[in-house]
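Following: one structure in C-alpha cells, then a few remarks.
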Protein chains: 2
Amino acid sequence: MSMAKTQPAIARDCAHCASRLVGLCSPLTPDVLSEVAEQATHLHYAAREAVFLQGDPARHAFTLIEGAVRLSRLLPDGRRAAIGFRLAGDLVGFTPAQEYPFSAEAMGPVTICRIERRRLDALFERHPVMKQSLLDLFTRELAATQDHVMALGRFTAEERVAGFLVSLAEAQRRRGWHGKVLDLMATRGDIADLLGLTLETVSRVFSAFKRRGLIALHGPQSVEFLDSVMLQELAVGEGCAD
Amino acid sequence: MSMAKTQPAIARDCAHCASRLVGLCSPLTPDVLSEVAEQATHLHYAAREAVFLQGDPARHAFTLIEGAVRLSRLLPDGRRAAIGFRLAGDLVGFTPAQEYPFSAEAMGPVTICRIERRRLDALFERHPVMKQSLLDLFTRELAATQDHVMALGRFTAEERVAGFLVSLAEAQRRRGWHGKVLDLMATRGDIADLLGLTLETVSRVFSAFKRRGLIALHGPQSVEFLDSVMLQELAVGEGCAD
DNA sequence: CGACCTGTTGAAATATATCAAACATGGTGG
DNA sequence: CCACCATGTTTGATATATTTCAACAGGTCG
C-alpha cells in the first residue's frame with residue numbers, strides 16, 4: 001500500500017514542476033529553475049496516505065503536481081478539523097517552523113514534487129526576490145484562513161457548503177477549468193471536516209440543493225452548477241435561505 | 001466623543017513604541033529606531049471607536065501602545081465574526097494588500113502609534129533584514145488563525161471559552177503579567193463574536209465555570225483562575241466535560 | 001458472492017440560539 | 001443626592017439547527 005516512498009524517481013520534466021512553485025520562482029531565470037528541478041523528487045501517494053504528519057520535523061516542502069491533499073489537525077479524542085484543501089500547483093508544507101503544524105493527506109491518488117527544505121532555504125538566500133513572493137503567498141493564505149474563520153463562526157451549514165462549492169470552482173477556474181461540472185475530489189467526510197459539520201449534514205445539504213435545483217449530482221463527487229447566482233449569494237451570506 | 005483624531009501629537013518617547021514593533025525592528029540600530037519614531041504619531045481612541053474599517057485603503061500601519069482592539073468582519077445582515085484580539089505591543093493593520101481585510105475597533109480606551117505604510121515600506125527596502133522578521137510574524141499569525149479554525153470547527157462552547165481564557169492569560173504573561181486575576185478587556189459580546197457563539201452562551205459558560213470552581217469573577221471583566229489545570233485541559237480538547 | 005466503503009435518509013437527542021425579563025453599574029444632569 | 005438612562009450581564013423558557021444513532025442502498029474489489 002505505501003510503496004509510494006520507494007519510488008523517488010528523479011523527474012525529468014521537473015522544471016515544469018519548479019515553475020509551478022506558485023509563482024515563487026517566477027522571478028527566476030531558466031537556468032536557476034533547472035537547478036531547482038535537479039534537487040527535487042517526484043513521489044506518488046495513494047488515497048488516504050499521509051504526505052507528512054503534524055509534529056513531524058519539517059524537512060521538506062512539496063508542490064502538488066496532480067491530485068488534491070487535505071491539511072488537517074487531529075484531536076486526541078478523534079475529532080478532526082481540516083485547515084484547507086490544496087490542489088495541483090499549490091505549495092504545501094513550507095513553514096519557517098521546525099515542525100509541520102498540521103498533517104497533509106492525499107484525498108485521492110496524488111503526484112507530488114518534493115524538495116529539501118535546506119535547499120529551498122539556500123535558494124531563498126541566493127535569490128532574495130523570492131522572499132517577496134513568499135510574503136505574498138502567506139498573505140493570501142492568511143486572508144483565506146480568515147475567510148474560513150468567518151464561515152465557521154457565523155455561517156449556517158448551507159452557507160458553508162455553498163461557499164465551499166463556489167471557492168472550489170473558483171480555484172479550478174484559476175487552473176484553467178471551465179464549464180459547469182465540478183469534480184469535488186473529496187468525500188462527504190472530508191468536506192465535513194473542512195466546514196466544521198458532520199458528514200450526514202453535508203450530505204443533507206447536497207440533497208437540499210439538488211431538490212431546490214441549485215445543483216445536480218452526477219455521481220456523489222461530480223457536481224453540476226445549475227444556479228451559480230443563488231449559490232454565490234448563499235456563499236457570501238446574503239442568501240434568502242428559502 | 002471622537003476628539004481622538006484631533007490630537008496627533010508627535011510622541012517624544014516613540015522610540016519605545018518603535019522598538020515594540022513586535023520585534024520587527026529588533027535587528028535595527030538605535031539611530032534607525034529614532035528615525036522611525038519621528039515618522040510615527042500617537043493617537044487615542046475611545047471605546048468602540050474604529051481605528052480603520054474593512055475595505056479602507058491600507059495607508060497606515062499601527063502598533064498598540066495601550067489597550068486592546070478587536071479585528072473583525074461584518075456581514076451585510078449584521079452577523080459579526082472577530083478574527084482576533086490584539087494587545088499592547090502588537091502590530092495591527094500591516095498588510096501587503098491595498099485595503100484592510102477587516103475592521104479594527106477599540107475595545108476600551110486605546111493609545112496607538114501610527115506610521116504611514118509608504119514609510120514602513122521604504123524602511124523595509126532599506127533594511128531587508130526586517131523582511132525575515134515580518135515573515136516570522138505572519139507565520140505566527142497564520143498558526144494562530146489555524147488554531148482558531150480548529151476551535152470554531154470542532155470545539156464545544158466550554159472548550160472555546162476555556163481556550164480563550166488560557167490564551168489570553170498566556171498573551172498577558174508574555175507581556176510580563178503574572179498572578180491569577182485576569183482583565184478580559186472584552187464584553188461578553190466581543191468574546192462571543194471571537195468564538196462564534198452568542199453573548200448569552202458565553203455568559204452561561206462563565207457561570208458554569210464559576211459554579212464548578214474553575215474561576216471566580218470579581219466584576220464581569222475580572223476573572224480569577226482557580227483551576228488552571230482543568231481549564232488548560234478543556235482548552236486543548238481533553239476535558240472530561242464534567 | 002461477501003466484505004467494505006461511501007453515501008443517503010430517517011427519527012431522536014442535544015447543544016446552542018433566540019426571545020424575554022430582571023439585575024447591576026456607572027455616568028449625567030437636574 | 002437622587003432619578004434616570006444607557007450599557008452590559010445574568011438567568012429562564014422555548015425554539016431550532018445540527019448531531020447522533022441507526023438502517024439501508026449502491027458501488028468496488030478481492
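In what follows, chains are A, B, ... by sequence order, proteins preceding strands, each numbered from 1. Predicted model only: the values in this text are computed from it and were never measured.
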Between [N] ([atom2]) and [X] ([atom1]): distance, integer Å:
X: A:L197; N: D:dT19; atom1: CG; atom2: C1'; result: 10 Å
X: B:L184; N: D:dG8; atom1: CG; atom2: C1'; result: 13 Å
X: B:D193; N: C:dA17; atom1: CG; atom2: P; result: 11 Å
X: B:F206; N: D:dG8; atom1: CZ; atom2: P; result: 16 Å
X: A:L152; N: C:dT16; atom1: CG; atom2: P; result: 15 Å
X: B:D190; N: D:dT7; atom1: CG; atom2: C1'; result: 13 Å
X: B:L199; N: C:dT16; atom1: CG; atom2: P; result: 15 Å
X: A:I215; N: C:dG7; atom1: CD1; atom2: C1'; result: 14 Å

For this session: Pick base, sugar-phosphate or nothing for B:L217, based on heavy-atom distances below 4.0 Å to the nucleic acid.
Result: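 Sugar-phosphate contact only - B:L217 comes under 4.0 Å of backbone atoms but never of a base.
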For this session: Could you tell me whether A:G219 contacts a base, only the sugar-phosphate backbone, or nothing, with contacts defined as non-hydrogen atoms closer than 4.0 Å?
Result: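 Nothing, no nucleic acid heavy atom in range.
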Exercise. Through what angle, rounded to 10 degrees, does the axis of the helix from C:dC1-D:dG30 to C:dG30-D:dC1 turn between its ends, using five pairs per end?
Worked result: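 What I find for the helix from C:dC1-D:dG30 to C:dG30-D:dC1 is an axis angle of 30°.
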Flag the pair [X] and [Y] as a salt bridge only when some basic side-chain nitrogen lies within less than 4.0 angstrom of an acidic carboxylate oxygen.
X: A:E170; Y: A:R174; value: yes
X: B:E99; Y: B:R59; value: no
X: A:D193; Y: A:R188; value: no
X: A:R212; Y: A:D227; value: no

Between [options], which one does the side chain of [X] approach most closely?
X: B:R188; options: C:dT16, D:dT19, D:dT10; answer: D:dT10
X: A:S203; options: D:dT11, C:dG7, C:dT16; answer: C:dG7
X: A:T201; options: D:dT11, C:dT8, D:dT18; answer: D:dT18
X: A:E200; options: C:dT16, D:dC21, C:dT18; answer: D:dC21
X: B:Q221; options: C:dC19, D:dT9, D:dT18; answer: D:dT9
X: A:T198; options: D:dT20, D:dT10, C:dT9; answer: D:dT20

For this session: State whether A:T156 places a side-chain N or O below 4.0 Å from either non-bridging phosphate oxygen (OP1 or OP2) of D:dA17.
Result: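 For D:dA17, neither OP1 nor OP2 has a side-chain N or O of A:T156 closer than 4.0 Å.
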Exercise. Can you name the closest pair of heavy atoms from B:E158 and B:V205 and give their distance?
Worked result: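 So the minimum-distance heavy-atom pair works out to CA-CG1, 4.0 Å.
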For this session: Find which nucleotide of DNA chain C each of B:R160 and A:V202 is nearest to by heavy atoms, and output the residue with the more 5' nucleotide.
Result: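 Its nearest nucleotide being more 5', the pick is A:V202.
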Exercise. Could you give the distance from OG (A:S207) to CD1 (A:I215), rounded to the nearest 0.5 Å?
Worked result: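 Reported to 0.5 Å precision, the distance equals 8.0 Å.
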For this session: Kindly indicate whether the side chain of A:L184, heavy atoms from C-beta on, has any atom under 4.5 Å from the side chain of A:I191.
Result: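 The answer is yes, as the side chains (C-beta and beyond) meet within the 4.5 Å cut-off.
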Exercise. Side-chain donor or acceptor of B:R204 under 3.5 Å from a matching atom on the base of C:dT18?
Worked result: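 Check passes, donor-acceptor contact within cut-off.
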Problem set entry | Given DNA chain D, 5'-ward residue of the pair B:R154 and B:R48, judged by closest heavy atom |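 In this pair, the answer is B:R48.
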Problem set entry | Intermediate values then yes/no, salt bridge (charged side-chain N to carboxylate O under 4.0 Å, His left out), B:R80 and B:D190 | CA-CA 10 Å; B:R80 165 178 284 128; B:D190 289 330; over 6 Å; no
